[in-house]
Amino acid sequence: MAFSKNFLWGGAVAAHQFEGGWQAGGKGVSIADVMTAGANGVPREITDGVIPGKNYPNHEAIDFYDRYKDDVKLFAELGLKCFRTSIAWSRIFPQGDEALPNEAGLAFYDKLFDELLKYHIQPVITLSHFEMPYHLVKAYGGWRNRKLIDFFTHYAEVVFKRYKDKVTYWMTFNEINNQTSGMNDWSLFTNSGLQIQPGENAELLMYRASHHELVASALAVQIGHRINPNFMIGSMFSTGPVYPASPDPKDTMKAQRLMQANCWYADVQCKGKYPAWLKHYFAVKNYDIGITLADEDILKAGTVDYIGFSYYASHVVKAAADEPADYMTPGRDIEVKNPTLSRSDWGWEIDPIGLRVTLNWFSQRFDLPLFIVENGLGAFDRLDGDRIHDGYRIDYLKKHIEQMALAVNEDGVDLLGYTPWGIIDLVSAGTGQMDKRYGLIYVDKNDAGKGSLKRLKKDSFYWYQNLIRHNGNQLTENTFKTHP
Ligand code: P53
């Protein structure tokens, strides 16, 4: 027996990537609403407000907003025990800085959570998943501004109170660490609403914004526990091991530094304090982050209940010939291909054992349960009549679940659940594409935004249904052949 009977088999999405209805029920413009569609290797454009005539894929997405009843029925047929999505902050506070929430937005999530609970599917909810109200960027400069802490905690308090009897599992910020490793315009904007002006220090602003989010997150944990002591409020990190390219110790040092740069948020959210190396780095760089004594107390009192994380790929790094001895904040330019792994069509290295490495990495450092809240394969799918034979996706999921089972059985990792990403096809966060598909449920819509939006079950749907039915114990059989 690999998994406990309470193991949370589920699926994951985010509001902006699948709901659509970008102006429905009084919703305000979010930062996802001003990002155009990109392509494989072509970044999305962040426009100055919504410009007529541009293609904004999140505006309609897959129109879950109007189809939620039918879609939840499909999730129930799949057998999901939980469903991870986010609340679109801009449905609740359209501008972000209002005193009173938007009732129509709150009512939408009441209906959605009731529908899920009707089928005994637990909602697992992220408060902020790359979709803050755009007004907070324009009027306040995003998370560089300390005022955002008040706006966010007010929002958190409102939804915690409203859904206190419907939701147990929460996460504060999706992939809060995504901005450190990326340090490009896209990741700074999506995570923190940062738009860097000429002459500004992007790194300093990123650390300040991150600090404000960490304080807001810790306050939210405390507020949530006061409202319902049974709440499980977690963190959410983007993960993946970083391997040294060779036995050269300089490469190991480099890999270690990159892991530190990616994972220091875990020290803050799980242990309640900044790691020594980072405090040292702030001092060396003369960075004034604005960390007060009161902030330090808040961080200590607001540590998370579990560690949620996404896992897609691992990375390999090589030290540059002229690597400086301090190895500080290494960039991605020293990343090399892993000769032992294959890659997705988008160049993401496929590394199931890396998931086991990651589970052990967290388990050894923090005494907290883990929750894999994203994992999956973005791939092109081809229709064969009304079938989609996505054996490659089944293969990806199966190999990752096998490693997950080893981590639980052999390594004693405390794992709460597994929610593969994009359980239903949705808009890619990175590229804005529809054709980068993760779903076990196909949605008829392409990169140009054309299609009937009809839903079809892929082979992987039947495979996962079977796996959940057997609580993960039927991995070796080619069960997807049971397609009716
Ligand atoms: P897409 C980069 C690296 C790792 C995870 O990503 C990432 C990203 C952002 O692209 O994001 C997470 O859609 C994120 C989801 C996102 C998913 O991974 O670019 O939490 O919103 O859709 C997959 O293929």
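When a ligand or atom number is given, it counts from 1 through the structure's own listing order.
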In terms of relative ring orientation, are Y56 and H59 parallel, tilted or perpendicular, with 30° and 60° separating the classes?
parallel
Looking only at N/O atoms, are F130 and ligand 1 under 3.5 Å apart anywhere?
no
Check G11 against L80 and note the closest heavy-atom contact, atom names and distance.
N-CD1, 4.0 Å
Which of the numbered atoms in ligand 1 are under 4.0 angstrom from any heavy atom belonging to Y438?
1 (P), 6 (O), 23 (C), 24 (O)
Are K27 and E19 ion-paired here, with the side-chain N under 4.0 Å from a carboxylate O?
no
Using atom types as modelled and distance alone, determine if a side-chain donor or acceptor of H211 lies under 3.5 Å from a backbone N or O of Y207.
no
For H129, is at least one N or O under 3.5 Å away from an N or O on ligand 1?
yes
With rounding to the nearest 0.5 Å, note down the distance linking CG in L205 to CD1 in I289.
9.0 Å
As an exercise, identify every atom of ligand 1 less than 4.0 angstrom from a heavy atom of N174.
14 (C), 20 (O)
Ion pair present between R67 and D71, side-chain N to carboxylate O less than 4.0 angstrom?
no
Taking 4.0 Å as the limit for heavy-atom contacts, which would you say applies to W346 with ligand 1: side chain only, backbone only, both, or neither?
neither
Report yes or no: does a heavy atom of V427 sit under 4.0 Å from some atom of ligand 1?
no
Return yes if some donor-acceptor pair links the side-chain N/O of N102 with the main-chain N/O of R91 below 3.5 Å, else return no.
yes
Can you check whether K436 has an N/O within less than 3.5 Å of an N/O in ligand 1?
yes
Between the side chains of N178 and S187, does any donor sit under 3.5 Å from an acceptor?
no
Quick one: sort the F160 and W170 rings into parallel, tilted or perpendicular, breaks at 30° and 60°.
perpendicular
List every atom of ligand 1 that sits less than 4.0 Å from any heavy atom of W186, numbering the atoms from 1 in the order shown and giving each element.
9 (C), 10 (O)
Under 4.0 Å to a heavy atom of G430 - the qualifying atoms of ligand 1, by number
1 (P), 10 (O), 13 (O), 19 (O)
Short version for L426: what comes under 4.0 Å of ligand 1, heavy atoms counted, is neither
Using a plain distance cutoff, I'd like to know if S310 has any nitrogen or oxygen under 3.5 Å from a nitrogen or oxygen of ligand 1.
no
Closest protein heavy atom (residue, atom, distance) for atom 8 (C) of ligand 1:
N178 ND2, 3.7 Å
Can you confirm whether the side chains of D305 and Y169 place a donor and an acceptor under 3.5 Å from each other?
no
Give the numbers and elements of all ligand 1 atoms closer than 4.0 Å to a heavy atom of S428.
1 (P), 13 (O), 19 (O), 24 (O)
If we set the cut-off at 4.0 Å for heavy atoms, which region of F18 has an atom near ligand 1: side chain, backbone, both, or neither?
neither
Considering the heavy atoms of A429, write down every atom of ligand 1 situated less than 4.0 Å from one of them.
1 (P), 13 (O), 16 (C), 19 (O), 21 (O), 22 (O)
Below 4.0 angstrom from a heavy atom of W348, which ligand 1 atoms are there? Numbered from 1 as shown, please.
6 (O), 24 (O)
Got an N/O contact under 3.5 Å between E175 and ligand 1?
yes
Any side-chain donor paired with an acceptor under 3.5 Å for W346 and Q433?
yes
